[in-house]
Amino acid sequence: MEFKAGKLLSQIDIPEDLRAKMQISDLPELTQELRDFIIDVVSAKGGHFAASLGVAELTVALHYVFNTPHDQLVWDVGHQAYGHKILTGRRKKFHTNRVFEGLSGFPKRSESHYDTFGVGHSSTSISAALGMAVGARLQNDRERQHIAIIGDGAMTAGMAFEGLNHGGVEDSNLLVVLNDNCMSIDPNVGALKEYLTDITTSQTYNKVKDEVWTLLGKISKFGPNAQAIAQKVENAIKTAVLKQSNFFESLNFRYFGPIDGHNVTHLVEVLKDLKDIPGPKILHILTTKGKGYSLAEKEQTKWHAPGLFNKETGEIIKITPKDPQPPRYQDVFGHTIVELAEKNDKIVGVTPAMPSGSSLNIMMKAMPKKAFDVGIAEQHAVTFSAGMATAGLIPFCNIYSSFMQRAYDQVVHDVALQNLHVIFCLDRAGLAGADGPTHHGAYDLAFMRCIPNMIVAAPMNEEELRNMMYTAQAENYGPFSIRYPRGQGVMPQWKTPFKKLKIGKGQKVRSGEDIAILSIGHIGNYALKATQALEEDNISAALYDLRFVKPIDELLLHEVFGKFDKVITVEDGCIQGGMGSAVLEFMADHGYHAQLVRLGIPDRIIEHGSQDELYADCNYDTASIRKAAKKLLNEGRESKAEKAFA
Ligand SMILES: Cc1ncc(C[n+]2csc(CCOP(=O)(O)OP(=O)(O)O)c2C)c(N)n1
């Protein structure tokens with residue numbers, strides 16, 4: 001199904017059309033059409049919403065002023081780049097956004113040469129654009145422009161500061177556009193946010209800026225030397241009047257703004273001016289997340305990625321099944337941490353900018369002093385938790401599995417080396433679905449299990465998650481990692497009484513005679529269904545839920561290898577180095593000989609799609625587990641038959 005574009009937008013297939021066919025006076029209408037198109041498609045197909053609406057003017061202005069793709073735009077995170085995709089040759093395919101085998105929800109180099117850098121994780125844009133700018137400089141290209149577009153949320157991450165710190169001393173064509181909407185997914189937090197508000201609202205500052213701009217406008221008519229003079233004049237005025245220098249200026253970035261990011265013609269004028277100013281510079285624009293769709297402007301967190309909705313009424317479309325539904329794992333985490341913290345006053349919660357995504361917002365509401373949103377700062381979140389652990393607190397540090405990749409050194413160096421009692425709750429572990437490869441939590445089982453002192457656990461259902469959280473805080477076990485997937489569990493009645501689990505003990509879920517299936521985590525429910533389906537094939541399959549990958553349940557494994565010579569391992573994680581590898585290591589270490597098939601995420605990049613589509617694509621959905629068991633048993637039968645005839 002193709003969506004209809006407005007009369008201006010439909011004339012634009014690539015940005016060259018925009019530059020050739022549109023007058024500056026057409027741009028407001030074009031921007032409106034771009035917004036309408038985003039609203040049409042996202043309401044019907046889902047995806048990120050409010051962020052792209054907020055940068056509609058900026059997107060049009062950037063492609064109008066700069067010679068893209070030669071001039072390079074680097075979108076930070078990339079969830080706001082829908083307008084960019086639509087203007088850069090992908091309008092007709094945009095309805096396939098985030099769908100299996102369709103367009104990616106984020107900029108991606110292999111998808112388009114307008115996507116200069118693959119993104120999904122935040123705060124990489126300044127470093128990447130700086131690298132491109134230095135690359136151009138070293139090839140003696142002084143004309144090419146490099147523009148990082150970064151939100152105030154993404155600006156809170158250490159990496160953004162690392163990029164600024166370096167960018168300020170490289171003589172390169174780098175423009176950072178700071179899209180300040182006061183929002184991350186949830187309201188933005190921290191001192192930088194307050195600083196940005198201060199410079200936005202300070203009347204003295206803005207008056208000076210206006211004067212400097214006027215002056216610049218006049219002086220620039222007098223040729224290149226005048227720019228240097230203008231800079232001196234601007235600095236002199238600033239230093240004199242503002243007394244304290246601007247934060248970005250102090251890092252050698254020329255700072256411009258704040259300006260209204262919803263005035264497209266003014267944006268065009270400003271960007272044209274900035275194009276002629278060499279060196280590192282920052283343009284601070286003010287926008288409203290969700291601009292142009294009033295409900296989204298009012299409830300920006302809800303409309304960050306609302307799912308399908310009726311665009312006329314704003315009603316979010318939810319299919320409500322008749323039967324009670326199991327909760328999402330994240331909500332089990334959110335409610336359980338509050339329950340535990342009510343009984344144990346040492347417990348604190350930490351999230352790097354994902355209060356709603358992790359459901360730590362439940363604790364932030366119930367006990368605001370005990371729950372911390374630290375900004376998009378995974379590394380800090382881990383070391384901050386480590387620090388609190390040294391003070392006798394018990395931090396539950398909740399980080400999406402894929403974002404935890406950023407904080408690996410902190411996990412090793414600050415937590416594990418000192419054997420500190422920090423409990424990591426890794427949400428979105430396993431294949432995360434439509435967000436795709438940047439967001440899949442593929443590696444945590446492998447990267448956590450090789451760290452000394454670390455306990456590595458994964459619940460098969462809600463009750464196990466509660467009991468793992470309960471167990472992890474009940475005693476000081478040192479670092480403890482619990483991973484669970486995106487989405488719902490399996491137990492509508494999930495609020496069961498807490499039970500302390502034995503560390504490193506798995507459980508037999510189902511007995512069987514022909515083959516053993518070993519699983520870890522929620523994917524065990526798929527394995528359970530496979531064992532039931534295998535009955536129809538006259539195959540009796542046992543199922544073991546390992547619960548812990550480290551320490552691994554050796555008694556259980558002795559039982560398995562003592563009884564079965566055909567074993568399948570199933571995990572929603574990378575095959576290399578994960579649970580299956582741990583089982584193989586055990587088998588080799590103890591001299592067992594069995595045919596063992598490992599199912600999990602293969603050694604390739606897994607694209608986006610629904611979780612079930614991806615499980616099938618990676619051969620560990622229910623049907624694939626069943627098939628693998630049949631194949632393994634048949635191979636055994638065939639080889640016995642071959643031997644008999646030999
Ligand atoms: C490393 C990392 N941590 C967390 C996220 C999740 N995340 C996606 S968008 C976003 C908020 C970004 O805020 P901002 O940069 O201000 O952009 P806005 O959505 O406000 O336009 C967050 C926290 C991420 N993508 N990457």
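Throughout, residue positions are numbered sequentially from 1 according to the sequence presented. The basis for the numbers below is simple: all heavy atoms, side chains too, and nothing from hydrogens, waters or symmetry mates. Every number for a ligand or one of its atoms is a count from 1 in the order of the listing.
A donor-acceptor contact shorter than 3.5 Å is absent between the side chain of His304 and the backbone of Ala51. No donor-acceptor distance shorter than 3.5 angstrom exists from the side chain of His262 to the backbone of Val55, with no hydrogens or angles considered.
For the residues Glu378, His439, His121, the heavy atom positioned nearest atom 3 (N) of ligand 1 is part of Glu378. Taking each of Ala154, Pro187, Pro355 in turn, the one with a heavy atom nearest to atom 15 (O) of ligand 1 proves to be Ala154.
Closest to atom 13 (O) of ligand 1, if we only count protein heavy atoms, is Ser184 CA, 3.4 Å. The nearest protein atom to atom 23 (C) of ligand 1, hydrogens excluded, is given as Ile376 CD1, 3.4 Å; this is a heavy-atom distance. For atom 4 (C) of ligand 1, the nearest protein heavy atom (residue, atom name, distance) is Phe403 CE1, 3.3 Å. Nearest protein neighbour of atom 26 (N) of ligand 1, counting heavy atoms only, is Ser122 N, 2.9 Å.
Ion pair Lys193/Asp180 not flagged as a salt bridge, since none of the NZ, NE, NH1 or NH2 atoms sits closer than 4.0 Å to an Asp/Glu carboxylate oxygen. Under the 4.0 Å criterion applied to side-chain N and carboxylate O atoms, Asp115 and Arg109 are not assigned as salt-bridge partners.
Not a single heavy atom of Pro352 sits under 4.0 Å from any atom of ligand 1. Not a single heavy atom of Gln80 sits less than 4.0 Å from an atom of ligand 1. A heavy-atom separation below 4.0 Å is found between Met354 and ligand 1.
Ligand-side atoms of ligand 1 in range of Ala51: 19 (O), 21 (O), range being under 4.0 angstrom from any heavy atom. The distance from ligand 1 to the heavy atoms of Gly120 drops below 4.0 Å at these ligand atoms: 24 (C), 25 (N). Set against the non-hydrogen atoms of Met183, the atoms of ligand 1 under 4.0 Å away are 13 (O), 14 (P), 16 (O), 20 (O). Near Gly151, with a cut-off below 4.0 Å to any heavy atom, the atoms of ligand 1 are 14 (P), 15 (O), 16 (O). Annotation for ligand 1: atoms under 4.0 Å from non-hydrogen atoms of Arg406 are 1 (C). Close approach to Gly153 involves these atoms of ligand 1, each under 4.0 Å from a residue heavy atom: 13 (O), 14 (P), 15 (O), 16 (O). Heavy-atom contacts of Asp152 reach the following atoms of ligand 1: 16 (O) (cutoff under 4.0 Å).
Taking the six-membered ring for Trp and the full ring otherwise, the centers of Tyr82 and Phe94 sit less than 6.0 Å from each other. Ring-centre distance between His522 and Tyr329: below the 6.0 Å cut-off. Checked against a 6.0 Å centroid threshold, the rings of Tyr293 and Phe309 count as neighbours.
In summary, the side chains of Glu297 and Ser294 do not present any donor paired with an acceptor at a separation below 3.5 Å, with no hydrogens or angles considered. Inspection of the His121 and Ser402 side chains reveals an N or O donor paired with an N or O acceptor under 3.5 Å. Side-chain N/O atoms of His63 and Thr68 include a donor and acceptor closer than 3.5 Å. No hydrogens or angles considered: nothing links the side chains of Tyr114 and His84 as a donor-acceptor pair under 3.5 Å. Under 3.5 Å, the side chains of Asp373 and Thr351 contain no donor-acceptor pair of N or O atoms. A donor-acceptor pair shorter than 3.5 Å cannot be found between the side chains of Tyr400 and His439.
At a 4.0 Å heavy-atom cut-off, ligand 1 does not touch Met155 at all. Heavy atoms from both the backbone and the side chain of Ile185 come within less than 4.0 Å of ligand 1. When heavy-atom distances to ligand 1 are checked against a 4.0 Å cut-off, Asn181 comes that close only through its side chain, counted from C-beta outward.
Below 3.5 Å of separation, one finds no N or O of Val77 facing any N or O of ligand 1. Polar contact check, His79 against ligand 1: a nitrogen or oxygen pair lies under 3.5 Å apart. Geometrically, ligand 1 and Lys289 share a nitrogen or oxygen pair separated by less than 3.5 Å.
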